Structure formats: structure tokens, C-alpha cells
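What follows is a set of notes on a single structure, which appears directly below.
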Amino acid sequence: MDGKLFTTHLLDWYRVNGRDLPWRRDPSPYAIWISEIMAQQTQMDRVVSYFTRWMDRFPDLITLARAKEEDVLKSWEGLGYYSRARNIQRSAAILVREHGGVFPSDPAVIRALPGVGPYTAGAVASIAFGLPEPAVDANVLRVFARLLDLDSPVSEAPVRRTVEQAVRSLIPAGNPGDFNQALMELGALVCSRRPGCTQCPVASHCLARAAGVAESRPVIRPRRDVLRIEMASGVLLHQGRVLIQKRRPDDVWPGLWEFPGGCVEQGETPRQALVREFREEVELAVEPLEKLTVITYAYTRYRVTMHCYLCRYVGPREPQPVFNEAVAGGFVSPERLHDYAFPAGHRRLIEFLEQDSRLIKPFSADSLS
DNA sequence: GACACGTGGTA
DNA sequence: TTACCAAGTGT
């Protein structure tokens, strides 16, 4: 491949077609770092609104390091992979404590931050500091799987090394950041799952196109099967307030809040599961009343059907939950639910509740019991 | 290397 | 409706 010509074609295309993303206007190391962490395993279009709100709320490392975890998670709510938010805050604390609040330019130091792997380290080093480091993401893997007509699954380590080498050999000394972003932008806008070879600025360099196999690149290894599970969640209302709990840091949805509930076991009805889960998780006896709604959602390899019930407390005294499966919890006013970060499925349950007049106006104490 | 970790858009 | 999958990292 003629590297000089390839790079010229690619950068010329990028100057015309590159998107006007907010962090491209002021590519500070902090902004680039945040945008790259947010963009992991999602699409840039989805990141923009989160990024704008984040920079408004946490404009610099000091502010972020001092922020409450609760506020950080609330700002991350809906983006998924919530350990990223925790790692960002851990990193901010490290950078303030050990680097005087100045973002480091050394790729090895960037790479050592929690949540920063080879891709993000290369992206920040090249985009924010102009260093000639490769930033190989799924876009770049796909682009080079076609350019070089690679017939091995792109998830294999040797393919990644091949692509990193190829990027290193092509990366221009003048603007490595634009080069890396141009490769990713090409993958996102032109060389996507359905390759748009007719609009591609580097089609003349592409071996897969020459061989007529661009559509069958990259080679993808088959995924693991999806698991379907049934769950039950309970909205326990007591004197106009609702019970929620905060999930453990080592579990799925670390630090997020939820309505108590759990998996429906074999031979169990959702109602029975709910009674059992409330007993196990919060040591409360409850009675599921009406079924509110059924919510289906997916996370990682699970496809969940969540049966949602309105519940009431059945007991002699005031309910005193014991949080066996959570790090915190309590009864909160429905109006305050939006202060807490919830997983997507529970957020949809809250949306449903907000359309229920009984919850929008706080209950009178005796309307259910 | 395999697996866990979330979510919403797209075909 | 189902399946795929996206600016990946940690264990």
C-alpha cells in the first residue's frame, strides 16, 4: 500500500466529512479522556448529550475528584457499563493526588489509569497530545480487516497486533490524532457493517474490495447464546413512600438503585418470587397487590421479562427493612426517585409509575392499608 | 482466551 | 420480534 497517498486521501476526506463533535472544538486532555471512556462500546451520537451535561457538571479533574459518587452515577445513568463511572472518579482522585491535577501525556501513565486500556490510552495520547500512538477500536479493526482482506476473526489477538502495526506504519507525524479519528470516522460513516465502497476515499487501497469480499469482512466469531430470565420487582408503598435499595459495588449495576425483587425460580409464580425476595433481601413481609406492568429489557447476554407489582407491607409494626443484598436503602418519596440512578428496566418502571395518579400525588397513609 | 459488564439503534 | 452490534476494559 502507498502509505503517503492513503493518508492524504483519508485526511482530505476527514476534513470535509468529520462530524462536529463537542470535544473536537476544545480537545483538552480531560475532555478527550471523558469522551473516550463514554464512547466505549456505544456510538458517538449517543455520547454527545451525556458529554455536554458532564462537562457542565464536572468541568475539570478537581471538581470530579470532589464530586459525590451519587452525582457521578446519576450523570452516567443510561450509558451502561457503570464501573466506567467509578473508574473515572478513581482516576480523577489519582491524578489530583499524584499528578497535581494535571493530565499526564505519557502513554504508559495514561494506560495505567483504571478503565484505560490500549485503545483509550492511544486515543488520548494521539488526540489530546499529538503523539504517534495507534488507537485501534472496532471501527479500525473493521476498516483494516477490509483494507488488508484479513480472514481471521478480528477478536483474535494476532489480528489486533497486525492492525496496530499497520496503523503505526501509516500514522503521520504531523497529526496522529486526526489520522486516528479519521480511521474511526471512516469506519463509522462509510466502512460500516454495510460498506459504502462507492463513497470511500481509500477504496483504491482496499484488498477486500478488489477481491469482491468487502461484505464478508470482518470475520466475526459467533456469540454466546442469549439467556431468557423472568424477574419480579415490587413497588412497596408505605405511607406514601416507596422502598428502594442501592446495589453492591461488585454486582451488575454497581452503585445503582432498584426496587427490591429478583429472579423467578422454577415452579414459582412471579408473586411468590416477590414475597420470597422481599423476605430474603430486606426481611419484610409483603403482599403483592395488582400487577402494574411487564417490562422487557436486555443487558449483556440476558433478555429479561420483569413482572412489576404494587405491594403493601403486612406486619404488626412499622416496616424496618434490613438490607441483606444492598449497601443502602430506605423509603423515599416518589417525587425524589429522580435523584437516584436506576438501571434502564427500573427507569421504565418509574416512567410507568409517573403516569399513575396514585403515585404522582403522595398516598394518604391509609389508602392501601 | 473466555467471560462479564448495559443500552438503544438498526435491519 | 429477534439478532446484531457499537470510539473496550477488567478479571
Side-chain angles (χ1 to χ4, degrees), chain A residues 14 18-19 21-24 27 31-51 73 76-88 90-91 110-128 133-143 153-160 167 177 179-189 191-194 218 220-228 247-256 258 295-305 341-348:
Chain A
Y14 179 65
R19 288 169 290 187
L21 300 169
W23 50 88
R24 287 180 177 164
I32 297 300
W33 171 56
I34 295 297
S35 70
E36 290 298 342
I37 301 287
M38 283 186 170
Q40 291 172 5
Q41 292 290 279
T42 187
Q43 274 114 193
M44 281 305 190
D45 293 342
R46 246 175 80 62
V47 167
V48 171
S49 63
Y50 281 92
F51 175 84
L73 283 174
W76 205 267
E77 182 185 36
L79 261 183
Y81 292 127
Y82 296 94
S83 63
R84 292 181 296 169
R86 176 185 313 275
N87 285 335
I88 278 182
R90 283 177 57 203
S91 296
I110 301 172
R111 173 70 179 81
L113 294 171
V116 174
Y119 163 74
T120 303
V124 174
S126 63
I127 300 170
E133 295 289 323
V136 177
D137 73 334
N139 286 305
V140 179
L141 282 174
R142 185 172 57 255
V143 167
V154 288
S155 53
E156 292 178 358
V159 174
R160 168 173 291 276
V167 172
F179 180 76
N180 281 337
Q181 291 184 90
L183 280 176
M184 294 188 273
E185 202 84 334
L186 183 73
L189 302 182
C191 194
S192 51
R193 178 132 283 293
R194 293 246 160 258
I220 303 290
R221 232 207 299 263
R223 305 181 165 219
R224 298 196 60 186
D225 289 346
V226 169
L227 299 180
R228 287 160 214 288
R247 295 183 61 86
R248 294 176 174 282
D250 55 341
D251 203 352
V252 67
W253 299 301
L256 271 66
E258 66 174 4
I295 291 167
T296 60
Y297 63 94
Y299 73 96
T300 63
R301 56 191 290 245
Y302 299 96
R303 181 154 172 72
V304 181
T305 302
F342 286 83
H346 288 248
R347 272 210 290 168
R348 285 170 50 198

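The basis for the numbers below is simple: all heavy atoms, side chains too, and nothing from hydrogens, waters or symmetry mates. In what follows, chains carry the letters A, B, and so on, assigned in the order in which the sequence lines appear, proteins first and then strands, with residues in each chain numbered from 1. These numbers come from a predicted model, not from an experiment.
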task = Not counting sequence neighbours, which residues clear salt bridge (charged side-chain N to carboxylate O under 4.0 Å, His left out) with Arg221(A)? List them please.
result = Glu156(A)
key: Euclidean distance, atom OH of residue Tyr299(A) to atom C1' of dA3(C) [Å, nearest integer]   = 18 Å
query = In residues 78-85 of chain A, which residues come under 4.0 Å of DNA chain B by heavy atom?
reply = Gly78(A), Leu79(A), Gly80(A), Tyr81(A), Tyr82(A)
Tyr81(A): partners by side chain to side chain contact (heavy atoms under 4.5 Å, CB included), with sequence neighbours left out = Gln41(A), Arg84(A)
message = Base, sugar-phosphate or nothing for Ala135(A)? Non-hydrogen atoms, less than 4.0 Å.
response = nothing
key: Length of the CG-P vector between Leu227(A) and dT2(C), whole Å   = 15 Å
query = Which part of the nucleic acid does Ala123(A) contact within heavy-atom distance under 4.0 Å: base, sugar-phosphate only, or nothing?
reply = nothing
message = Would you say Arg224(A) places a side-chain N or O within less than 4.0 Å of OP1 or OP2 belonging to dA3(C)?
response = no
query = When we call it a touch if two heavy atoms are under 4.0 Å apart, what does Arg142(A) touch: a base, just sugar-phosphate, or nothing?
reply = sugar-phosphate
request  = Name the residue closer to the 5' end of DNA chain C, choosing between Arg223(A) and Arg303(A) according to the nucleotide with the nearest heavy atom.
outcome  = Arg303(A)
request  = Could I get the full list of ring-ring contact (aromatic ring centres under 6.0 Å, His included) partners for Phe179(A), not counting sequence neighbours?
outcome  = none
ask   = If you look at every strand shown and take non-hydrogen atoms under 4.0 Å, does Arg194(A) touch a base, only sugar-phosphate, or nothing?
value = nothing
Distance-only criterion, 3.5 Å: show the donor-acceptor pairs between side-chain atoms of residues 31-40 of chain A and protein atoms not counting sequence neighbours.
| from | atom 1 | to | atom 2 | distance (Å) |
| --- | --- | --- | --- | --- |
| Ser35(A) | OG | Ala31(A) | O | 3.3 |
| Ser35(A) | OG | Ile32(A) | O | 2.8 |
| Glu36(A) | OE1 | Tyr119(A) | OH | 2.6 |
| Gln40(A) | NE2 | Gly115(A) | O | 3.4 |
| Gln40(A) | NE2 | Thr120(A) | OG1 | 3.0 |

remark   = Sorted by chain and residue number, the salt bridge (charged side-chain N to carboxylate O under 4.0 Å, His left out) partners of Arg223(A) (sequence neighbours excluded) come out as none
query = Reckon Leu21(A) touches a base, only the sugar-phosphate, or nothing at all at heavy-atom distances under 4.0 Å?
reply = base
Got a list of protein N/O to nucleotides 9-11 of chain C N/O distances below 3.5 Å?
| from | atom 1 | to | atom 2 | distance (Å) |
| --- | --- | --- | --- | --- |
| dT9(C) | OP1 | Gly117(A) | N | 2.7 |
| dT9(C) | OP1 | Gly117(A) | O | 3.2 |
| dT9(C) | OP1 | Thr120(A) | N | 3.0 |
| dT9(C) | OP1 | Thr120(A) | OG1 | 2.9 |
| dT9(C) | OP2 | Tyr119(A) | N | 3.4 |
| dG10(C) | OP1 | Gly115(A) | N | 2.4 |

task = For Tyr50(A), check side-chain hydrogen bond (donor to acceptor under 3.5 Å, both in side chains) against everything at least two apart and list the hits.
result = none
note = Rounded to whole Å, CD of Glu156(A) lies from P of dG8(C) at a distance of 19 Å
request  = Sequence neighbours left out, what passes ring-ring contact (aromatic ring centres under 6.0 Å, His included) with Tyr299(A)? Give chain and number order.
outcome  = Trp253(A), Tyr302(A)
Terminal contacting nucleotides, 5' and 3', DNA chain B versus chain A (heavy atom, 4.0 Å) = dG1(B) to dG8(B)
ask   = When the P atoms of dC3(B) and dC4(C) are considered, how many whole Å apart are they?
value = 16 Å
Partner set under side chain to side chain contact (heavy atoms under 4.5 Å, CB included) for Arg111(A), not counting sequence neighbours = Pro118(A), Ala121(A)
task = With heavy atoms under 4.0 Å as the rule, sort Arg221(A) into base, sugar-phosphate or nothing.
result = sugar-phosphate
request  = Would you mind reading off the distance between Leu186(A) atom CG and dA6(C) atom C1', rounded to a whole angstrom?
outcome  = 16 Å
For Pro114(A), all residues meeting side chain to side chain contact (heavy atoms under 4.5 Å, CB included), sequence neighbours excluded = Asn87(A), Arg90(A), Ser91(A), Ile94(A)
